[in-house]
Amino acid sequence: MSLPVFPVTPLDASYQQTAPEEAVGTALDGGGGKYRRDYSGGVVTVRAQWLLKGLEIDVMTAFVYTTLGGGSSPFTLRAAVLSGATDEHTAQIVPGSLRQTRKQGDLQWWSAELEVQPPTRDATFDANLVALYGIYGPSLEPIMKATQVFVNKTLPAKLGWLL
């Protein structure tokens, strides 16, 4: 069963997030602590904000209080959190964090803290990305963008593939 999709997209510029907790530790008497990788895939806390008007206000509150059972159920969030691209994330609203923060005429600003499940990382891709950045530095970004355009648009168009 798929999760319901949050009907209103948060403002991209509003995100404040914690780094994923990739390690867990235990303090030890008489020395440094012991640390290990967290394989359980801890959540990332993200503060999101929505700018709503008219029907969007009713849709958002109806979704939270009816579909999500007051915010207690998980949902799918389509947003550009945890990366620069808009992806689907499994999220939950932290209890007590959803609130209207400002009102100006017909406009309302709402914010909430969300616990977002980070996507599974590809260790090979990450290692190659770090190695390539070590070689090319900041000039790697336009190279990667050009490669992405070639692979996802130019090549399929030349081969007659439908996208």
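This chain uses plain numbering: 1 for the first residue, then up along the sequence. Values in this document were obtained by computation on a predicted structure and should not be read as measured data.
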- Give me the other members of the hydrophobic cluster that V5 sits in, counting Ile, Leu, Val, Met, Phe, Trp and Tyr linked by side-chain heavy atoms under 4.5 Å, directly or via other members. none
- Those residues that, when tested against K145, pass salt bridge (charged side-chain N to carboxylate O under 4.0 Å, His left out) (two or more places apart): E141
- Query: Can you name the salt bridge (charged side-chain N to carboxylate O under 4.0 Å, His left out) partners of D58, sequence neighbours left out?
  - Reply: none
- Would you please name every residue forming a side-chain contact (heavy atoms from CB on, under 4.5 Å) with L52, sequence neighbours left out? V8, W50, E56, I57, M60, W110
- Query: How are the rings of F75 and F63 set relative to one another: parallel (under 30°), tilted (30 to 60°) or perpendicular (over 60°)?
  - Reply: perpendicular
- Task: Applying side-chain contact (heavy atoms from CB on, under 4.5 Å), name anything that partners S139, two or more places apart in sequence or on another chain.
- Result: Y136
- Message: Starting from V130, can I reach F125 by hopping between I/L/V/M/F/W/Y residues whose side chains sit under 4.5 Å apart?
- Response: no
- Please, which pairs that meet side-chain hydrogen bond (donor to acceptor under 3.5 Å, both in side chains) have at least one residue in residues 94-104, sequence neighbours excluded? R102-Q104
- Pairs in or reaching into residues 110-119: which pass salt bridge (Lys or Arg N to Asp or Glu O under 4.0 Å), with residues at least two apart or in two chains? R47-E113
- Side chains of L68 and P4: closer than 4.5 Å at any heavy-atom pair? yes
- Minimum heavy-atom distance H89-V116, with the two atoms named: CB-CG1, 3.5 Å
- Query: Going by the salt bridge (Lys or Arg N to Asp or Glu O under 4.0 Å) test, which pairs reach into residues 126-136, not counting sequence neighbours?
  - Reply: R121-D126
- Query: By the rule that ILVMFWY residues connect when side-chain heavy atoms come within less than 4.5 angstrom, directly or transitively, which residues belong alongside L55?
  - Reply: V59
- Item | Partners passing side-chain contact (heavy atoms from CB on, under 4.5 Å) against L159 (at least two apart in sequence or in another chain) | L155, W161
- Please list, chain by chain and in numerical order, all residues satisfying side chain to side chain donor-acceptor pair (under 3.5 Å) with Q148, sequence neighbours excluded. none
- Could you tell me which residues satisfy side chain to side chain donor-acceptor pair (under 3.5 Å) with Q92, sequence neighbours excluded, listed by chain and number? none
